[in-house]
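Quick note: numbers below take in every heavy atom, side chains included, and nothing from hydrogens, waters or symmetry partners.
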Amino acid sequence: MTNPTLDPYTQNAQNDDLTPQKKIDDMKVVLKAVKTGMLTTRDKDGNLHARAMTPCSPYADTQLTLVFLANNASHKFDALEYDNRVNVSFYDAASTNWVSFAGAATVSQDRELIKKHWSPITAGYFGNLGDGTHKGDEHDPRVSVIEVVPSEIHYWLAKHGKVTNTLSTAVGSVTGKGGAPGELRTITKPEIELTQGLHNK
């Protein structure tokens, strides 16, 4: 059971005194540095599976929905059909910054979105099967869009470099004071709905 008084590290690190846009702006700095995330799904047997995926570039500064182009013949689509609740996490080993998206995934073959985000690099993941249908281009029927709409986003923003952060934690272990070498931030569901509502108007 959560008890802030018994978890001084988290209590000291949590920073809720920020505007929603400031939280979003700082979170996107982390995403730009990492680029590739781990999409975690749950299959019909209850197994959790994660795979590395790179989201398409956002087309608006306030966009929080993650968009992926993927092959609908792969296992992850079976899992999404069973349970569309997912997590997408990003970790920057150089800074120790991380971001965790909890949300729901929707699958479509929205041609406008596929065309907007298609690239020669994406084509390399599909390949031309030589049957005249599965050509590995943006019109290939295997190409689908996965949109992850977040319900909550947690992220960590380090105050200093990795070495300094490690020293800060070590000092905390000696002094008995749970120091925090960075900030834990949460973009809440109401904040997400507010910013996305403004974006969609």
Side-chain angles (χ1 to χ4, degrees), residues 1-42 50 52-70 80 83-108 110 112-113 116-117 145-162 164-165 168-169 178-201:
M1 182 178 294
T2 303
N3 187 333
T5 61
L6 297 180
D7 185 7
Y9 185 92
T10 300
Q11 186 178 32
N12 292 334
Q14 191 70 44
N15 183 2
D16 298 316
D17 191 25
L18 297 165
T19 65
Q21 192 58 51
K22 173 62 175 172
K23 293 180 186 178
I24 293 171
D25 291 343
D26 287 348
M27 182 267 294
K28 291 204 169 186
V29 171
V30 180
L31 295 189
K32 286 180 181 178
V34 183
K35 301 187 186 310
T36 299
M38 297 297 291
L39 171 66
T40 302
T41 57
R42 185 169 72 99
M53 295 187 69
T54 302
C56 304
S57 299
Y59 42 84
D61 291 339
T62 56
Q63 179 187 330
L64 293 177
T65 297
L66 298 174
V67 179
F68 302 92
L69 297 185
L80 291 174
D83 188 345
N84 73 334
R85 293 172 296 175
V86 300
N87 176 271
V88 186
S89 58
F90 301 82
Y91 177 66
D92 181 7
S95 64
T96 72
N97 293 334
W98 56 262
V99 182
S100 174
F101 285 72
T106 60
V107 175
S108 73
D110 186 319
E112 184 177 341
L113 274 179
K116 179 179 292 188
H117 295 299
V145 180
I146 300 174
E147 294 182 85
V148 177
V149 180
S151 54
E152 192 168 69
I153 303 170
H154 291 277
Y155 71 98
W156 168 265
L157 197 64
K159 292 179 181 177
H160 309 288
K162 188 174 183 179
T164 303
N165 288 344
S168 176
T169 304
E183 292 184 355
L184 282 171
R185 300 177 180 179
T186 301
I187 304 176
T188 65
K189 186 173 183 178
E191 289 173 333
I192 292 170
E193 292 175 342
L194 173 64
T195 57
Q196 300 314 278
L198 293 174
H199 167 61
N200 292 331
K201 287 182 179 180

**Asked** Does a side-chain heavy-atom distance below 4.5 Å link W156 with S95?
**Response**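 A side-chain contact is absent here, since even the closest heavy-atom pair is not under 4.5 Å.
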**Min side-chain heavy-atom separation H154-L184 under 4.5 Å** = no
Heavy-atom pair with the smallest gap, counting every atom of [X] and [Y]:
| X | Y | result |
| --- | --- | --- |
| T195 | P20 | CG2-CB, 4.1 Å |
| P150 | I153 | CB-CG1, 3.9 Å |
| M53 | A70 | CE-CB, 3.9 Å |

**Asked** Going by distance alone, is a donor N or O of one side chain under 3.5 Å from an acceptor N or O of the other, for S100 and S89?
**Response** no
**Request:** Would you check if there is a donor-acceptor pair between the side chains of T106 and N84 at a distance under 3.5 Å?
**Result:** no
What's the spacing between [X] [atom1] and [Y] [atom2] if we round to 0.5 Å?
| X | Y | atom1 | atom2 | value |
| --- | --- | --- | --- | --- |
| E147 | C56 | CD | SG | 9.5 Å |
| L66 | F101 | CG | CZ | 4.5 Å |
| Q63 | I24 | CD | CD1 | 11.0 Å |
| L157 | N15 | CG | CG | 9.5 Å |
| L69 | L113 | CG | CG | 8.0 Å |
| M27 | R185 | CE | CZ | 11.0 Å |

**Prompt:** Between the main-chain N or O of T186 and the side-chain N or O of K23, is there a donor-acceptor pair closer than 3.5 Å?
**Reply:** yes
